[in-house]
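Bear in mind the structure is a predicted one, so any value in this text is a computation, not a measurement. Computation of the quantities below employed the complete heavy-atom set of this structure, encompassing side-chain atoms and omitting hydrogens, waters and symmetry-equivalent molecules.
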Amino acid sequence: MQVFQIVIALLLGGALLAALARRMAMPYPALVAIAGAALSLLPGVPSLAFDPELALALFVAPVLLDAAFDASQRDLRRNWGSVVSLALGAVVLTVGVVALVAHTLVPGLPWAVALALGAIVAPPDAAAATAVLKQLRPPHRLLVILEGESLFNDASALLIYRFAVAAAVAAHVVSVPSFAGTLILVSVGSVALAWVLARTVAYVNVRIHDVATAVIVQFCTTFAVWLLAERLHLSGILTMVVFAMLVSRLAVTPARIRLPSYAVWEVAVFVLNVLAFILVGFQLRQIVVRTDWTDYIGVAAAVCGAVVVARIVWVMGAAAFNRCRCRDTSPDLIALSGRAAAIVGWCGMRGTVTLAAALALPEAFPYRDLVFFTSFAVVLVTLVVQGMTLRPLLAWLDVRDDGTVEREVQLARVESLRAALEAVAECEGGETAELLRRRYDLRLRRAEENGNELSADDAAVIRVATNAERRRLLDLRSDGTIGDAAFQQVEQELDIKELDLL
């Protein structure tokens with residue numbers, strides 16, 4: 001009961017911290033990370049046993065599916081070079097540099113353990129960076145690269161992590177040919193499994209018409225995909241990414257299910273992020289009690305520096321090389337500018353994947369306390385230092401939105417309204433058809449003129465009308481004229497109508 005009360009209190013605290021972070025234009029995981037660290041130092045905090053095998057499935061699978069489902073596949077194809085460079089090159093460099101630093105500073109630290117530490121701290125969490133960047137409206141391409149990187153760098157880092165952990169626990173050496181062969185087999189198998197599961201799930205989902213059932217099936221399917229991939233010794237992350245991207249194209253979900261499911265997923269991802277930091281606080285508490293954790297500070301500081309420097313060196317070096325190589329082609333589509341590369345290089349905050357990988361270490365893992373403490377230190381330092389300085393850096397470099405999304409939104413509005421107007425024009429006459437023709441004609445003219453279907457005055461009039469409807473509806477319920485069942489049905493109709501008009 002005590003643990004439950006603490007979790008509930010910290011979830012509420014996480015919501016308040018997220019609101020504060022939005023006001024400060026910084027990633028909310030930064031404040032939650034500070035709260036998790038403070039939790040480990042509070043007296044009387046209970047210990048909490050956690051199954052390591054549960055960590056990755058619980059914290060990574062839903063978060064990854066949520067991100068991959070919304071990813072723009074067209075934009076990823078256009079920026080595949082930058083995404084692959086970060087997802088593979090930056091990860092491998094970070095793993096190697098961190099392993100070298102840790103092995104040098106800790107005499108006797110096995111290379112397998114050092115590589116596992118490098119793999120844990122290598123993948124950045126793009127959600128933390130984009131949470132800030134979306135408020136500041138940078139060029140759309142930067143967001144695409146960071147979000148695309150986060151989808152695939154986890155797969156490369158955790159594949160190294162899996163081999164390193166197995167080598168450290170079993171004390172056997174993994175050869176390069178064996179690693180390369182397994183990498184190819186796992187990649188092909190993961191994509192094939194995702195293809196089969198995506199089509200199976202799409203076939204089932206289209207036959208579900210109840211909101212609660214649909215949301216539950218979505219969550220159960222997410223964990224089932226991950227667990228099946230892991231049971232087959234494939235990459236759960238790669239399988240999840242490909243699965244989500246395929247389902248996003250195959251799924252035909254009605255609006256009455258899609259809108260509430262999106263809201264549920266947003267809340268679930270937030271809760272999982274907060275719980276990850278809470279569990280880290282519990283685990284750190286055990287380290288503080290049973291060891292002299294101050295001995296780990298030097299290693300943690302050196303690894304933090306290595307993580308930040310390795311990413312900046314890779315991004316700036318790769319961007320400079322591409323600019324030189326692509327002078328005679330289209331640099332806007334191939335190479336990052338110096339200022340854009342500086343932003344991408346600084347957006348190296350670590351988050352949920354790093355925490356989950358650290359929590360997933362077996363209890364018998366050598367130097368587990370050192371690895372766990374250092375991993376959380378990297379998350380805390382990168383979130384706080386880089387997260388809180390990202391806004392002034394963006395302003396200083398004067399990197400601004402290029403209007404790509406706004407132009408495409410206007411195009412989509414105009415073309416969809418034209419299609420609607422043409423369809424209504426083919427309908428039989430009558431008051432309803434005439435009303436719709438006039439309405440769509442007005443919205444089309446407004447969309448062609450300024451990109452918005454309704455002006456500010458139109459929106460104000462609609463709000464006045466819908467607010468009057470809502471007040472009258474509330475009065476009817478208050479005086480007993482209608483019951484709650486009728487009230488809820490009409491309220492839902494008003495919600496849908498308001499969303500459609502605005």
Side-chain angles (χ1 to χ4, degrees), residues 26-27 29-45 47-48 50 55 94-125 128 157 161 164-165 168 276-313 346 348-361 363 365-389:
M26 64 179 295
L31 296 183
V32 179
I34 295 175
L39 177 66
S40 67
L41 301 177
L42 292 177
V45 173
S47 60
L48 179 65
F50 184 77
T94 302
V95 171
V97 171
V98 169
L100 180 61
V101 169
H103 185 76
T104 301
L105 293 179
V106 183
L109 183 71
W111 277 108
V113 175
L115 290 172
L117 173 59
I120 290 172
V121 301
D125 181 7
Y161 167 85
V165 171
F277 285 99
I278 292 173
L279 285 172
V280 166
F282 284 125
Q283 300 295 315
L284 286 175
R285 176 64 182 172
Q286 298 176 26
I287 295 176
V288 170
V289 170
R290 67 172 175 254
T291 64
D292 186 3
W293 59 275
T294 56
D295 294 340
Y296 302 153
I297 293 179
V299 177
V303 170
C304 288
V307 164
V308 173
V309 172
R311 178 178 177 84
I312 292 176
V313 168
W346 194 245
M349 290 86 84
R350 271 57 178 177
T352 306
V353 173
T354 294
L355 295 180
L359 288 168
L361 288 172
E363 292 294 337
F365 189 79
Y367 293 88
R368 187 180 190 274
D369 287 350
L370 171 63
V371 173
F372 191 92
F373 181 89
T374 303
S375 300
F376 180 73
V378 170
V379 172
L380 181 62
V381 170
T382 55
L383 281 175
V384 174
V385 175
Q386 293 181 310
M388 296 184 69
T389 57

When the side chains of residues 104-111 are checked against the rest of the protein, which donor-acceptor pairs come out under 3.5 Å, sequence neighbours left out?
from: Thr104; atom 1: OG1; to: Leu100; atom 2: O; distance (Å): 2.7
from: Trp111; atom 1: NE1; to: His103; atom 2: NE2; distance (Å): 3.4

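- In terms of heavy atoms, Ile34 sits closest to Leu380 at N-CD1, 3.8 Å.
- Residues satisfying the side-chain contact (heavy atoms from CB on, under 4.5 Å) criterion with Val381, sequence neighbours excluded, are Cys304, Val385.
- Leu370 and Tyr296 make their closest contact through CD1-CD2, 3.5 Å (heavy atoms, listed as atom of the first residue, atom of the second, distance).
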Donor-acceptor pairs are to be reported for all side-chain atoms of residues 351-358 against protein atoms at under 3.5 Å, with residues two or more places apart or in another chain.
from: Thr352; atom 1: OG1; to: Asn273; atom 2: OD1; distance (Å): 2.3
from: Thr354; atom 1: OG1; to: Ile120; atom 2: O; distance (Å): 2.9

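- Rounding to the nearest 0.5 Å places OH of Tyr367 at 15.0 Å from CG of Leu361.
- Between the Thr94 side chain and the Ala310 main chain, no donor and acceptor come within less than 3.5 Å of each other.
- For Pro124 against Ala122, the heavy-atom pair with the smallest separation is CD-O, 3.1 Å.
- Looking only at side-chain heavy atoms (C-beta outward), Thr374 and Val121 stay at 4.5 Å or farther from each other.
- Nearest heavy atoms, Arg350 versus Val379: O-CG1, 3.5 Å.
- Summarising the geometry of Pro366 relative to Val113, their closest heavy-atom pair is O-CG1, 3.8 Å, with the distance given to 0.1 Å.
- Residues Ala157 and Pro123 come closest through the heavy atom pair CB-CD, 3.7 Å.
- Atom OG1 of Thr382 sits about 9.0 Å away from atom CG of Asp125, to the nearest 0.5 Å.
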